[in-house]
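Each ligand, and each atom within it, is numbered from 1 in the order the structure gives.
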Amino acid sequence: MAREVTHEEREPTAIDPDDHDGDIYICQCGLSDDKPFCDGAHTVTADEEDVVYKYENDDSDQPRQPVDG
Ligand code: FES
């Protein structure tokens with residue numbers, strides 16, 4: 001079974017689970033190769049416009065195509 005998930009966020013969310021080791025950044029864009037952690041891949045979404053994109057193989061290094069919503 002397969003499913004597609006749409007991510008609207010373009011930045012990670014920061015959490016500080018133990019209040020003394022600093023923030024951990026959690027991926028919200030869906031493109032990180034190190035999920036659940038942000039690896040900086042979200043930077044490719046900076047120029048996205050108000051349409052839905054499909055990233056080939058869910059990989060930020062691959063081409064993206066706009067898709068009809
Ligand atoms: S928020 Fe997904 S890689 Fe940074």
Does a side chain donor of either Tyr53 or Arg64 reach within less than 3.5 Å of an acceptor in the other side chain?
no
Using a 4.0 Å heavy-atom threshold (strictly under), name the region of Arg10 that reaches ligand 1: side chain, backbone, both or neither.
neither
Here the atoms of ligand 1 under 4.0 Å from any heavy atom belonging to Asp39 are 3 (S)
Looking at SG of Cys29 and CD of Glu8, how far apart are the two atoms once the value is rounded to the nearest 0.5 Å?
13.0 Å
Answer yes or no for Cys29: is there an N/O/S atom below the 2.8 Å cut-off from atom 4 (Fe) of ligand 1?
no
Whether His7 has an N, O or S atom under 2.8 Å from atom 2 (Fe) of ligand 1:
no
Using a strict 4.0 Å cut-off to heavy atoms of Ser32, name the atoms of ligand 1 that fall inside it.
3 (S)
Determine whether the side chain, the backbone, both or neither of Glu9 has a heavy atom under 4.0 Å from any heavy atom of ligand 1.
neither
Residue pair Tyr25, Thr13: steps toward the side chain to side chain contact (heavy atoms under 4.5 Å, CB included) verdict
CA-CA 6 Å; Tyr25 293 90; Thr13 188; over 6 Å; no
Contact flag Cys27/atom 2 (Fe) of ligand 1, N/O/S atoms, threshold under 2.8 Å
yes
If you scan protein heavy atoms around atom 4 (Fe) of ligand 1, the nearest is His42 ND1, 2.2 Å
Spacing of CG belonging to Asp33 relative to SG belonging to Cys38, to within rounding of 0.5 Å:
11.0 Å
Find all atoms of ligand 1 within a distance of less than 4.0 Å from any non-hydrogen atom belonging to Pro12, and give their numbers and elements.
1 (S)
Residue Asp50 excluded, over 12 heavy atoms near CG under 6.0 Å
no
From OG (Ser32) to NE2 (His7), nearest 0.5 Å
11.0 Å
Here the gap from Asp58 atom CG to Lys35 atom NZ, rounded to the nearest 0.5 Å, amounts to 6.5 Å
